[in-house]
Amino acid sequence: MSDQIKYVLDESRIPKFWYNIAADLPKPPPPVLHPGTHQPIGPADLAPLFPTALIMQEVSTERQIEIPEPVRDVYRQWRPSPLYRARRLEKALETPAKIYYKYEGVSPAGSHKPNTAVAQAFYNKEAGVKKLTTETGAGQWGSALAFAGSVFGLEVKVFMVRVSYNQKPYRRALMETYGATCVPSPSNETQSGKSILAQRADHPGSLGIAISEAVEVAAQNEDTKYSLGSVLNHVLTHQTVIGQEAMAQLDMAGDYPDIIVGCTGGGSNFAGIAFPFIGAQLRGGRKVRVVAVEPSACPSLTRGKYAFDFGDTAHLTPLVKMHTLGSTFTPPGFHAGGLRYHGMAPMVSHLKELGLIEAVAYTQMKCFEAGVQFARTEGIVPAPEAIHAVLGAIDEALRCREEGKSKTILFNLSGHGHFDMQAYIEYFAGNLKDLAYDENELAMALAGLPSVKEAA
Ligand SMILES: *Cc1c(COP(=O)(O)O)cnc(C)c1O
């Protein structure tokens, strides 16, 4: 038999808790610092931006955080998401390895992002918030939050990186269909946007600039809070429904992963699939090799510096210690829009420093080749972000073939590529190239990192 096998859990198996890896760490991560004083911040410093429940999750060291029943109710629409055994891909690769993938493209917005968007919208609604602001690059996060806002009756305003706003009208239309407002960034609606436009009227925008704009609006309006789709601890924690379900599904299959692969933009879907397994290992369970895959054109984990940096361009956010390319770094225009962030989740960076995860970087052409092979064997067209994880899994499977070893590989297929077919069109037309970032620009961006005196 060479066909796919699908492992389905019934809805009673939707996790009742999110898993917080902070409870199991051998060493706590560095503190988050105030951008002005460089002193550790407390929960009160974040209150203008986030509701208390999310701030408490951000700093929590409790292993399990209960998922509110109204959130599980919304999850029920697409969770538990399916786990597939990629038998047709295994056969095409002639590998003795077993390849499993968890498919998060079954959510309404087509990616893993609603797992946290729904939770964030719920807690904001509970706290009496009327309006959420956020940024989006390729549009996946904006559409996830727009969906969640429509479910809980919150207004959503999305600052969308201007190049994507112009290039991705369907994502924009999706956000508007859910009832959100979408503004190209940099915009004239904020001081941060205006000051960038004053320097360059046709500025293409960046995630760092869009974050500055969304944060500014939230900080200045009483009824408005800010929502972030990756990077922060509470976002990573919400995504752990992915790994917990995968563990139960692999159990049905009588299997356990030797290798886990995920793509990393800000680190949330990677954390979602990997943290429950890393946690089990830290509590004395089986050891897993965990591989983060990032684009060579925006290689924060493999080429960035582990240093304190700002999350945004206008330097409104706190300082966090992470692998960073510098907050002014603008990557070249490769197609995985969701992997273009200059930094990495501090928790993912911390695990890298502790030697609990590895990282590799791949160029875009090889990723698209892997994405097409995946579509032609497994039938699902992966998002341009997810093809990095696909290639990571294929590389591991090919290594198993060379070494004649049968290992179990699990990867997260973070979303489908139905809104990104232009990227595939350009790949087939031969218009895509492997883009290198500008070494001088990286050196400049790194030279501009804030200097922070660290306590020994
Ligand atoms: C946003 C996105 C990513 C990257 O974000 P992470 O926080 O690193 O997960 C990856 N895949 C898809 C489909 C996305 O939408």
Side-chain angles (χ1 to χ4, degrees), residues 81 101-117 120 134-147 158 160-161 164 168 171 174-175 207 210-211 227-243 260-275 290-295 298-301 311 322-323 331 334-349 351-352 357 359 361-362 367 371 374 380-392 411-420 423:
S81 66
Y101 59 97
K102 181 76 167 155
Y103 183 43
E104 289 295 311
V106 290
S107 80
S111 76
H112 64 288
K113 292 203 170 78
N115 296 334
T116 185
Q120 292 189 43
T134 196
E135 72 292 328
T136 199
Q140 288 120 325
W141 170 241
S143 41
L145 194 67
F147 156 67
V158 183
M160 186 170 188
V161 176
S164 303
K168 308 208 169 207
R171 274 283 167 196
L174 182 60
M175 289 180 244
L207 270 178
I211 293 175
S227 188
L228 188 62
S230 187
V231 177
L232 297 176
N233 295 336
H234 67 267
V235 180
L236 274 51
T237 297
H238 296 160
Q239 293 296 351
T240 58
V241 288
I242 302 173
I260 298 175
V261 179
C263 67
T264 45
S268 73
N269 87 88
F270 170 78
I273 189 107
F275 281 12
V290 181
V291 185
V293 186
E294 62 183 9
C298 192
S300 52
L301 275 173
M322 60 180 173
H323 290 87
F334 64 90
H335 267 280
L339 306 183
R340 294 171 57 87
Y341 187 58
H342 68 271
M344 181 51 57
M347 193 58 90
V348 172
S349 286
L351 293 186
K352 173 99 185 329
I357 65 167
Y362 290 132
C367 291
F374 188 82
I380 298 170
V381 180
E385 292 80 15
I387 57 179
H388 290 75
V390 172
L391 179 56
F411 78 92
N412 193 40
L413 191 64
S414 52
H416 67 64
H418 298 174
F419 287 95
D420 305 285

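Sequential numbering from 1 along the given sequence is applied to the chain's residues. Just follow the structure's listing: the first ligand is 1, and inside any ligand the first atom is 1. Bear in mind that the values here come from a model prediction, so they are computed numbers and not experimental data.
Although no hydrogens or angles enter the test, the distance criterion places no donor-acceptor pair under 3.5 Å between the side chain of T116 and the main chain of K113. With hydrogens and angles ignored, the 3.5 Å screen pairs a side-chain donor or acceptor of N269 with a backbone N or O of C263. Judged by distance alone, with hydrogens and angles left aside, the side-chain atoms of Q140 form no donor-acceptor pair with the main-chain N or O of G338 at under 3.5 Å. Of the possible polar contacts, none joining the R171 side chain to the F419 backbone as a donor-acceptor pair under 3.5 Å is found. At distances below 3.5 Å, at least one donor-acceptor pair connects side-chain atoms of K102 with backbone N or O atoms of S81.
Interface atoms of ligand 1 facing S230, defined by a heavy-atom separation under 4.0 Å, are 6 (P), 7 (O). Using a 4.0 Å cut-off to heavy atoms of S414, the atoms of ligand 1 that qualify are 10 (C), 11 (N), 12 (C), 13 (C). Numbered from 1 in the order shown, with element, the atoms of ligand 1 that lie under 4.0 Å from a heavy atom of T264 read 8 (O). Near G415, with a cut-off below 4.0 Å to any heavy atom, the atoms of ligand 1 are 13 (C). Listed by number with element, the atoms of ligand 1 under 4.0 angstrom from any heavy atom of C263 are 10 (C). Per-residue contacts place L339 under 4.0 angstrom from the following atoms of ligand 1 (heavy atoms of the residue considered): 4 (C).
An N or O contact shorter than 3.5 Å is missing between E385 and ligand 1 by distance. Ligand 1 has no N or O atom lying under 3.5 Å from any N or O atom of A383, backbone or side chain. In terms of polar-atom proximity, G267 is counted as a contact of ligand 1, with an N or O under 3.5 Å from an N or O of the ligand. Looking at G265 next to ligand 1, an N or O pair under 3.5 Å apart turns up.
Side chains of H323 and S300: no donor on one and acceptor on the other come within 3.5 Å. A donor and an acceptor atom, one from each side chain of Q120 and S227, are located under 3.5 Å apart.
Residue K113 holds the heavy atom nearest to atom 2 (C) of ligand 1 of all those in H112, R340, K113.
Considering only non-hydrogen protein atoms, atom 4 (C) of ligand 1 sits nearest to G338 O, 3.3 Å.
Contact between W141 and T136 at its shortest, heavy atoms only, is N-OG1, 3.6 Å.
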